[in-house]
Amino acid sequence: WYYDEEMTMPYSDEPIEEETVLYAGYQKPGEVNISFHANGGYFTIDGKKVSSYQKSVAEGTELTLEMLAIPAVRRDMEQGVGYKFAGWLTDTDQPWSDGITAMQNLTYFAAWESIDSFEEWVEHVKEQNQETGENPGIYINDYETLQALQKYIASGKSTSEDYFVLGADITLQSDWAGINKFYGTFDGNGHTITYNNVTTPLFQSVNGTVSNINIAGTGKVSGGLAETMGPGAVIDHCVITSGTTLSGENIGGIVGSID
């Protein structure tokens with residue numbers, strides 16, 4: 001089964017959360033399939049993230065990566081560790097080599113190198129964006145990665161030109177310190193930040209643009225989303241959900257105070 005009629009995006013048992021059309025695929029006589037698995041990463045094709053890409057070619061074709069037109073492969077930071085694409089390998093760790101002859105179906109898996117520094121990770125994503133001409137955002141998918149962002153900004157790094165996207169619901173623990181002096185763009189993507197007895201909201205101060213975040217849980221905080229909203233800041237489509245319990249000085253639903 002495929003997401004497209006051209007049979008380049010195989011369905012790989014991903015959860016389907018919206019109405020989706022799948023196409024039956026058939027291998028034609030005299031053709032072979034060359035498959036690439038993102039191996040923890042993803043391809044973005046026509047706005048859809050998929051874990052595999054496939055190309056059918058005539059048997060005997062001399063293969064190159066350029067002629068297969070493989071989309072850029074990315075992998076988000078996981079638990080504070082980023083990943084850089086390191087090439088294509090078979091399941092026996094044989095690397096891709098241009099010029100091989102396609103005599104049978106072939107499958108390759110993405111290899112990844114880890115990036116432990118959030119600063120290096122941000123620079124890597126920017127390099128990818130320059131190479132592809134795309135800017136899908138720097139995804140924050142778990143608490144450890146959100147903490148890495150907080151520490152990155154606390155160290156004095158600027159986010160004024162950076163675009164962050166929340167990729168999952170996240171629960172903030174009691175050790176959460178709050179993101180201070182945020183000047184970039186943060187899109188919550190409709191996800192929920194849940195407070196677990198925190199003493200600082202998601203942001204200490206917002207000076208950039210924050211949107212599409214739901215806040216839930218319990219915390220002794222001055223503002224549901226941020227303690228302070230600075231000059232020129234924009235907060236849009238952010239919601240404190242029913243049942244959320246907040247307390248603190250200068251208490252406000254979304255922000256505690258506006259400079």
J.: Can you sort out the partners of His191 under ring-ring contact (aromatic ring centres under 6.0 Å, His included), two or more places apart, ordered by chain and number?
T.: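 By the ring-ring contact (aromatic ring centres under 6.0 Å, His included) rule, His191 matches no residue at all.
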J.: Could you tell me which residues satisfy ring-ring contact (aromatic ring centres under 6.0 Å, His included) with Phe186, sequence neighbours excluded, listed by chain and number?
T.: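 Checked Phe186 against ring-ring contact (aromatic ring centres under 6.0 Å, His included); matches are Phe203.
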J.: Just to verify, what does Thr185 make a side chain to side chain donor-acceptor pair (under 3.5 Å) with, not counting sequence neighbours?
T.: none
J.: How are the rings of Trp96 and Tyr108 set to each other: parallel, tilted or perpendicular (split at 30° and 60°)?
T.: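 Plane angle over 60°, so perpendicular.
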J.: For Asp162, is there any backbone N or O sitting under 3.5 Å from a side-chain donor or acceptor partner on Thr159?
T.: no
J.: Quick check: does any side chain N or O of Thr241 sit under 3.5 Å from a backbone N or O of Ile215, one acting as donor and the other as acceptor?
T.: yes
J.: Can you measure from CD (Glu78) to CG (Asp142) and round to the nearest 0.5 angstrom?
T.: 8.0 Å
J.: Under 4.5 Å side-chain heavy-atom separation, chaining through any Ile, Leu, Val, Met, Phe, Trp or Tyr, what else clusters with Val165? Say none if it is isolated.
T.: Tyr139, Tyr163
J.: Mind checking what makes ring-ring contact (aromatic ring centres under 6.0 Å, His included) contact with Tyr3, not counting sequence neighbours?
T.: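 Result, ring-ring contact (aromatic ring centres under 6.0 Å, His included) vs Tyr3: Tyr11.
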J.: State whether the side chain of Asn207 and the backbone N or O of Tyr183 hold a donor-acceptor pair below 3.5 Å, judged by distance alone.
T.: no
J.: Apply side chain to side chain donor-acceptor pair (under 3.5 Å) to Thr20 and list each qualifying residue two or more places apart in sequence or on a separate chain.
T.: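 By the side chain to side chain donor-acceptor pair (under 3.5 Å) rule, Thr20 matches no residue at all.
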J.: Quick one: pull up CD in Glu31 and NZ in Lys55 and give me the separation to the nearest 0.5 Å.
T.: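 Going from CD on Glu31 over to NZ on Lys55, the span is 11.0 Å.
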